[in-house]
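Written below as structure tokens is the structure these notes are about.
Residue numbers start at 1 and run along the sequence shown. What you see below is based on every heavy atom in this structure, not just the backbone, and it leaves out hydrogens, waters and symmetry mates.
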Amino acid sequence: INVSGIGNSAFSNNRLLVLSLPENIEYIGSSSFAGNLITEITFNEKLKEIGSFAFSGNELESIVIPSSVEKIDAYAFNGNLIKEVIIPRNLRLISVGLFGNNQLEDVVIEDGVESIEIYAFSNNKISRITIPSSVKSIGDNSFSNNQTYAVDMTIIGEEGSYAQIYAFNKGYSFIDNSISSFGIMSKDYSDFYVIFSEENEMLVESVFDLIPKENQVFSTNYFASKIF
């Protein structure tokens with residue numbers, strides 16, 4: 001028998017721990033593996049669609065979404081322990097509540113993604129996220145309850161993009177990713193660092209931690225002029 005899909009709620013509310021999908025599976029139905037104890041998933045390279053709530057309420061800490069996936073419905077990975085994720089370019093829509101209620105700190109959205117729906121990344125631990133210029137729509141509360149205050153989260157993107165408009169309207173900090181270097185200094189000017197982000201990306205992460213967020217001022221030159 002050649003099975004190409006998994007039906008709705010097929011394996012929900014069990015005690016499954018590890019999942020590896022057969023190579024011919026193209027579709028995973030709604031709530032198919034919801035309410036288990038899954039900590040690890042290996043997806044196949046033919047998978048195209050994942051239904052709503054498919055893996056919600058598990059214990060996943062990381063996932064790798066294949067580039068073949070074109071559609072993931074609402075809340076599919078909601079309520080896990082996922083810390084990092086790459087959204088592939090073929091997934092044009094990041095659906096409602098898709099990664100809500102996780103432990104996300106690191107999110108990469110590839111160029112090609114067009115829309116982020118409401119609550120897509122709510123209730124996580126995201127402090128900075130890069131949003132490509134291909135994104136033309138971001139729903140309300142897409143990033144709600146990630147940090148204590150809205151200004152604690154920074155959106156990185158292209159100047160003039162929808163991401164910049166969204167950041168301004170929501171009170172998030174914004175950094176233009178076309179700038180090859182920028183400085184970080186404390187507001188009393190006692191510490192100043194110049195970081196070349198293209199060559200020292202990891203160093204940027206460590207420098208952010210040296211100065212408390214409430215004292216940070218970003219600069220494109222040696223005079224600490226603000227870029228947002």
Side-chain angles (χ1 to χ4, degrees), residues 3-110 112-113 115-132 135 138-139 141-147 153 205:
V3 178
S4 60
I6 299 173
N8 297 346
S9 304
F11 299 97
S12 63
N13 299 311
N14 283 287
R15 301 184 66 82
L16 299 178
L17 299 174
V18 177
L19 176 64
S20 181
L21 290 177
E23 63 178 13
N24 55 317
I25 296 296
E26 298 181 359
Y27 169 79
I28 299 174
S30 298
S31 302
S32 352
F33 296 96
N36 278 279
L37 302 171
I38 300 172
T39 59
E40 181 181 338
I41 297 177
T42 302
F43 291 115
N44 61 3
E45 294 299 324
K46 291 184 179 180
L47 186 63
K48 294 181 178 179
E49 185 174 344
I50 299 175
S52 61
F53 295 95
F55 297 98
S56 63
N58 278 279
E59 297 182 5
L60 292 165
E61 293 187 3
S62 65
I63 56 170
V64 177
I65 302 172
S67 58
S68 59
V69 174
E70 299 174 350
K71 182 181 180 182
I72 304 179
D73 288 333
Y75 300 99
F77 293 101
N78 197 288
N80 279 276
L81 303 171
I82 300 170
K83 296 180 180 178
E84 58 183 12
V85 67
I86 298 175
I87 312 296
R89 58 177 48 87
N90 289 335
L91 188 66
R92 303 296 187 186
L93 173 69
I94 303 175
S95 61
V96 175
L98 182 55
F99 293 102
N101 300 297
N102 276 278
Q103 301 291 317
L104 281 173
E105 298 176 0
D106 187 10
V107 178
V108 175
I109 301 175
E110 293 187 347
V113 176
S115 181
I116 303 172
E117 294 197 328
I118 60 173
Y119 303 114
F121 296 100
S122 63
N123 296 305
N124 280 282
K125 296 181 178 180
I126 301 169
S127 59
R128 289 181 297 280
I129 184 170
T130 299
I131 299 177
V135 172
I138 304 176
N141 299 310
S142 296
F143 303 99
S144 61
N145 297 323
N146 270 278
Q147 299 291 319
M153 196 182 89
E205 296 290 332

To the nearest 0.5 Å, how far apart are [atom1] in [X] and [atom2] in [Y]?
X: Glu105; Y: Asn146; atom1: CD; atom2: CG; result: 10.5 Å
X: Ile138; Y: Glu117; atom1: CD1; atom2: CD; result: 12.0 Å
X: Ser9; Y: Phe53; atom1: OG; atom2: CZ; result: 11.0 Å
X: Phe143; Y: Ile131; atom1: CZ; atom2: CD1; result: 4.0 Å
X: Lys46; Y: Ser68; atom1: NZ; atom2: OG; result: 10.5 Å
X: Thr39; Y: Glu61; atom1: OG1; atom2: CD; result: 7.5 Å

Does Leu17 have more than 12 heavy atoms from other residues, nucleotides or ligands lying within 6.0 Å of its CG? yes
Would one find more than 12 heavy atoms of other residues, nucleotides or ligands at under 6.0 Å from atom CZ of Phe11? no
Does any part of the side chain of [Y], heavy atoms only, come nearer than 4.5 Å to the side chain of [X], both counted from C-beta?
X: Phe43; Y: Pro66; result: yes
X: Leu47; Y: Ile25; result: yes
X: Val85; Y: Leu104; result: yes
X: Asn141; Y: Ser122; result: no
X: Tyr119; Y: Ser142; result: no

For a quick check under 3.5 Å, do Gln103 and Lys125 share a side-chain donor-acceptor pair by atom type? yes
Modelled atom types, side-chain donor and acceptor of Ser52 and Ser30, under 3.5 Å: yes
Residue of the set Ile38, Ile41, Ile50 for which side-chain contact (heavy atoms from CB on, under 4.5 Å) holds with Phe33: Ile38
Determine the minimum heavy-atom distance between [X] and [Y], stating which atoms define it.
X: Ser56; Y: Tyr75; answer: CB-O, 3.6 Å
X: Leu21; Y: Ile28; answer: CD1-CD1, 3.4 Å
X: Asn44; Y: Pro22; answer: ND2-O, 2.5 Å
X: Gly29; Y: Ala54; answer: O-CB, 3.8 Å

Donor-acceptor pair, side chain of Asn8 and main chain of Ser32, under 3.5 angstrom: no
Could you tabulate the donor-acceptor pairs under 3.5 Å formed by side-chain atoms of residues 89-102, not counting sequence neighbours?
{"from": "Arg89", "atom 1": "NE", "to": "Asp111", "atom 2": "O", "distance (Å)": "3.4"}
{"from": "Asn90", "atom 1": "ND2", "to": "Ser67", "atom 2": "O", "distance (Å)": "2.7"}
{"from": "Arg92", "atom 1": "NH1", "to": "Gly112", "atom 2": "O", "distance (Å)": "2.8"}
{"from": "Ser95", "atom 1": "OG", "to": "Ile72", "atom 2": "O", "distance (Å)": "2.9"}
{"from": "Ser95", "atom 1": "OG", "to": "Asp73", "atom 2": "O", "distance (Å)": "3.1"}
{"from": "Ser95", "atom 1": "OG", "to": "Ala74", "atom 2": "N", "distance (Å)": "3.3"}
{"from": "Asn101", "atom 1": "OD1", "to": "Asn123", "atom 2": "ND2", "distance (Å)": "3.3"}
{"from": "Asn101", "atom 1": "ND2", "to": "Asn78", "atom 2": "OD1", "distance (Å)": "3.0"}
{"from": "Asn102", "atom 1": "OD1", "to": "Asn80", "atom 2": "N", "distance (Å)": "3.2"}
{"from": "Asn102", "atom 1": "OD1", "to": "Leu81", "atom 2": "N", "distance (Å)": "3.3"}
{"from": "Asn102", "atom 1": "OD1", "to": "Ile82", "atom 2": "N", "distance (Å)": "3.0"}
{"from": "Asn102", "atom 1": "ND2", "to": "Phe77", "atom 2": "O", "distance (Å)": "3.0"}
{"from": "Asn102", "atom 1": "ND2", "to": "Phe99", "atom 2": "O", "distance (Å)": "3.1"}
{"from": "Asn102", "atom 1": "ND2", "to": "Gly100", "atom 2": "O", "distance (Å)": "3.2"}

Side chain to side chain contact (heavy atoms under 4.5 Å, CB included) between Asp106 and Ile126, worked out: CA-CA 7 Å; Asp106 187 10; Ile126 301 169; over 6 Å; no
